[in-house]
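Have a look at the structure below before the remarks.
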Amino acid sequence: MNISNNNNLNIFDLPNEILFIIIKKLNLADVIYSLVDVNERFLQLLFDPFYIQNLNITLMTMKSFYQRTFSIHEQVLSNICKNILPKIHDQVKQLTIEQHSMKRILTHNYSQLYSLSLVNFKEEILFRYLADYTTLPTLLIRQITHLTVDIQSDEIPKLFSEFSSDIFLLILSLCRRLIKLNFCQVFSYRNSFISTCNLPTTSCRRSTLIELKINVATFNDCLFLLDGRFDSLSKLTINVKKIKCELKKKKNEIKLSKLKYFSLASINLTSDFDKYIIPLLHRMINLEELILFLTVIRTDSTFIDGTELYDQVLVHMSQLNKFIFSINTNVLIENNEIDIPSNEHIQDSFIGREYGQVGSYVHFEPKKPTNQNIDFEEAKAVVKSHIYSLPYQFESFLHLNNSFQGGMFVNVRHLTMTDSFPFEHEFFKTISDCFPFIKNLTICNLEPQKNKQHSSTLISFPHLNLLNLIDAHDDYAEQFLVDTNIHLPCLLDLCITYESLEVVTNNFTNDATRPYCSKLKGLHMHKPFVRPKHFDEYFCLLLHVEI
């Protein structure tokens, strides 16, 4: 490369190795469309077999946090279908497509294709493609060993319709070579779950499936997947909406000897840790890696600590070499007599048992929080503990309170803060430092702030897209929506009660909150309302209002 005159350098002066690194960082569809006709050198780089074997013909654009498009521009798509795919289709091994372009993309014969990702499909459209459209089923029957399915959903957690259960069953019946399936665990902001326990008992027998990722509605759905029909399964990653058996089933004690990796996560409270989860784990006699993300509620004054995890779980898993966990324990107190463990006691319970580094904290609330759905009405207090392996591996951090011990959590994108004591301004500075990349923040705190004399230090949440203040005092709306308090350059969506919004904006006339409100794309309210004067002017970029 000629470096005698740096002022005349351009992209053509870079060596192929550097250009290839740059191109691999960009969206493939845009790169192909933009550079294919530049010159012969770029053409050779773009059509390099190691580059085009993984073809992603989608481009995600965020309109708001929950509204995202994955289609590429029509002109780009036409160029790719007409001029590019005829030249490279027989070299593509991995393909990612979305529903609007699928018919045009799949007109070619992808003879080497083994991995297919179907992104952002509506339930009914995907079902129709699987049932009636010959090209996709043929691919699934003959070639596909790795399949990823992403189905559209909104911000309200819900159970998918029967379409999704039928889609899941169709895929399992069609894919005769399938070894790896990701069913609706593609994007963490999706909130929908599938029911599997009502599928035919004869389905999936002698399945070739080795690895499965899936979101299910109940713990019974989890048990269904582990009742022996997936007899080759060695890796299961499962998110459960409710860990609660709703159907009576014969107790299954069959050992899961082939299962090597198990990940169980649920964002909802469960009181059935000992009744359902522990017996299931005892069946996994050859497990090598275990991941648990749970919130457990108890009334027996015991906390899940290192000693209990070792005695109840680890001692039964002789092959385990990796254990990652984040476990919240909420102990409900019906009288005032309880020995509250110190954080030092919790930490000591992990010493000498090869856990590695563990973070923890303990929090006492003298009364039941009014903004949580707890089934025990007589509780006079709640003692909470949170234990988690370090470095923290999960994208979510739940139920953080004022007893939080600090640390660095670079993987966290979704944070919930819950307490019956107020969160003060300086505490949010700690949060912004410890969670530098959060995109989704929920605050559940109905107590007013006591210290409203904010320091001159501007707190920044540079990546925050969604702020949820539905269960928060008006003070937190003022804390976040006044741009002199907190810097939110990427805020797109706000969840808030109409009453709080009216107060903090002074009936939509407050100039201090106007900068952030004027940039919002989505507003999510708790009940219907009539738009008052100045509302549309105040939220001038608003794309949708959800009730």
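Only heavy atoms go into these numbers, but all of them, side chains included; no hydrogens, no water, no symmetry mates.
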Next item on the list: Tell me whether the centres of the aromatic rings in Phe219 and Phe224 are closer together than 6.0 Å.
Entry: no
Item checked: Pairwise distance CG(Asp471) to CD1(Ile443) - rounded to 0.5 angstrom -> 11.5 Å
Margin query: Ring-plane angle category for Phe508 and Tyr498, please: parallel below 30°, perpendicular beyond 60°, tilted otherwise.
Written below: tilted
Item checked: Derivation of the side chain to side chain contact (heavy atoms under 4.5 Å, CB included) call for Val149 and Leu126 -> CA-CA 9 Å; Val149 176; Leu126 181 56; 3.6 Å; yes
Notebook entry, point to check: Quick one: does Gln143's side chain have a donor or acceptor within less than 3.5 Å of a partner on Tyr110's backbone?
Noted result: yes
Margin query: Between Arg413 and Phe394, is the side chain to side chain contact (heavy atoms under 4.5 Å, CB included) condition met? List the steps.
Written below: CA-CA 9 Å; Arg413 300 296 181 267; Phe394 302 96; over 6 Å; no
Notebook entry, point to check: If every non-hydrogen atom of Asn328 is compared with every non-hydrogen atom of Leu398, which pair is closest and at what distance?
Noted result: ND2-O, 3.7 Å
Notebook entry, point to check: In terms of side-chain heavy atoms, does Arg514 have a donor or acceptor partner in Thr505 at a distance below 3.5 Å?
Noted result: no
Next item on the list: Report the residue from Arg190, Lys122, Lys213 that forms a salt bridge (Lys or Arg N to Asp or Glu O under 4.0 Å) with Asp150.
Entry: Arg190
Check: Taking everything shown except Arg142 itself, do over 12 heavy atoms lie less than 6.0 Å from its CZ?
Finding: no
Item checked: Ring centres under 6.0 angstrom apart (Phe293, Phe325) -> no
Item checked: Ser165 (side chain) donor-acceptor with Ser195 (main chain) under 3.5 angstrom -> yes
Notebook entry, point to check: Short question: side chain of His89, backbone of Asn109 - any donor-acceptor pair under 3.5 Å?
Noted result: yes
Notebook entry, point to check: Side chains of Val412 and Val410: closer than 4.5 Å at any heavy-atom pair?
Noted result: no
Check: Can any side-chain N or O of Thr218 pair as donor or acceptor with the backbone N or O of Lys242 at less than 3.5 Å?
Finding: no
Next item on the list: Give a yes/no verdict on a cation-pi contact between Arg68 and Tyr189, requiring under 6.0 Å between NZ or CZ and the six-membered ring centre and an angle within 45° of the axis.
Entry: yes
Next item on the list: Check for a donor-acceptor pair, side chain of Thr270 on one end and backbone N or O of Ile243 on the other, with a separation under 3.5 Å.
Entry: yes
Notebook entry, point to check: Any side-chain heavy atom of Val186 sitting closer than 4.5 Å to one from Thr148?
Noted result: yes
Check: What distance separates Lys439 NZ from Glu395 CD, expressed to the nearest 0.5 Å?
Finding: 8.5 Å
Note to self: Less than 3.5 Å apart, any donor N or O on the side chain of His73 or Gln75 sitting next to an acceptor on the other?
What the structure shows: no
Next item on the list: For Glu74 and Ser78, test the side chains for any donor-to-acceptor distance below 3.5 angstrom and give the result as yes or no.
Entry: yes
Check: Quick one: CG on Leu85 to CG on Leu106, what's the gap to the nearest 0.5 Å?
Finding: 10.0 Å
Item checked: Main-chain N/O of Ile470 paired to Asn468 side chain as donor or acceptor, under 3.5 Å -> yes
Check: What's the spacing between Ile80 CD1 and Ile105 CD1 if we round to 0.5 Å?
Finding: 6.5 Å
Margin query: Quick check: do Leu136 and Met102 have side-chain heavy atoms less than 4.5 Å from each other?
Written below: yes
Item checked: Shortest non-hydrogen contact from His146 toward Ile179 -> CE1-CD1, 3.6 Å
Margin query: Any donor-acceptor pair under 3.5 Å linking the side-chain atoms of Tyr392 with those of Ser326?
Written below: yes
Check: Taking atom types as modelled, is there a side-chain donor on His544 or Ser64 under 3.5 Å from an acceptor on the other?
Finding: yes
Next item on the list: Evaluate the criterion side chain to side chain contact (heavy atoms under 4.5 Å, CB included) for residue pair Tyr66 and Leu466; output intermediate values, then yes/no.
Entry: CA-CA 9 Å; Tyr66 294 109; Leu466 173 66; 3.4 Å; yes
Note to self: Taking Asp231 first and then Arg229, would you say they form a salt bridge - that is, a charged N and a carboxylate O separated by under 4.0 Å?
What the structure shows: no
Notebook entry, point to check: Under the side chain to side chain contact (heavy atoms under 4.5 Å, CB included) criterion, do Leu492 and Leu520 qualify, and how do the steps go?
Noted result: CA-CA 5 Å; Leu492 295 174; Leu520 288 175; over 6 Å; no
Check: Any sub-3.5 Å donor-acceptor pair from Asn485's side-chain atoms to Phe480's backbone N or O?
Finding: no
Margin query: Any non-hydrogen side-chain atom of Phe397 less than 4.5 Å from a side-chain atom of Ile438?
Written below: no
Check: Is any side-chain heavy atom of Leu95 closer than 4.5 Å to a side-chain heavy atom of Ile57?
Finding: yes
Margin query: Testing the basics here: between Met62 and Asn465, what is the closest heavy-atom pair and its distance to 0.1 Å?
Written below: CE-OD1, 3.9 Å
Next item on the list: Check the side chains of His524 and Asp493 for a donor-acceptor pair under 3.5 angstrom, ignoring hydrogens and angles.
Entry: yes
Notebook entry, point to check: With side chains defined as the heavy atoms from C-beta onward, is the minimum distance between Ile97 and Val119 less than 4.5 Å?
Noted result: no
Next item on the list: For Leu280 and Cys222, work out which heavy atoms get closest and say how close.
Entry: CD2-SG, 4.0 Å
Item checked: Result of checking Thr61, Leu59, Thr58, Asn120 against Thr69 for side chain to side chain contact (heavy atoms under 4.5 Å, CB included) -> Thr61
Next item on the list: List the steps, then state whether ring pair (Phe, Tyr, Trp, His ring centres under 6.0 Å) holds for Tyr388 with Phe409.
Entry: CA-CA 11 Å; Tyr388 43 88; Phe409 301 84; 5.8 Å; yes
Next item on the list: Please report the closest heavy-atom contact between Met525 and Thr497, naming both atoms and the distance.
Entry: CE-C, 4.1 Å
Next item on the list: Supply the atom-to-atom distance Leu494 CG to Leu542 CG, rounded to the nearest 0.5 angstrom.
Entry: 10.0 Å
Notebook entry, point to check: So, for Asn510 and Val504, which heavy atoms are closest and what is the spacing to 0.1 Å?
Noted result: ND2-O, 3.1 Å
Checklist line | Donor-acceptor contact below 3.5 Å, side chain Asp221 vs main chain Ala217 | finding: yes
Notebook entry, point to check: Less than 4.5 Å apart, any side-chain heavy atom of Leu118 and any of Leu116?
Noted result: yes
Checklist line | Side-chain H-bond candidate by donor/acceptor type, Ser500 with Tyr476, under 3.5 Å | finding: no
Notebook entry, point to check: Say you draw a straight line from CG of Leu170 to CZ of Phe127; how long is it, rounded to the nearest 0.5 Å?
Noted result: 5.5 Å
Item checked: Whether Gln53 side chain and Lys93 backbone form a donor-acceptor pair below 3.5 Å -> no
Next item on the list: Would you indicate whether Lys260, at its atom NZ, is surrounded by more than 12 heavy atoms from other residues, nucleotides or ligands within a distance under 6.0 Å?
Entry: yes
Notebook entry, point to check: How about His100: does its NE2 atom have over 12 heavy atoms from other parts shown lying under 6.0 Å from it?
Noted result: no
Next item on the list: Please work out whether the ring planes of Tyr129 and Phe121 are parallel, tilted or perpendicular, with thresholds of 30° and 60°.
Entry: perpendicular
Next item on the list: Say whether, by atom type as modelled, one donor and one acceptor occur between the side chain of Gln185 and the main chain of Thr237 under 3.5 angstrom.
Entry: yes
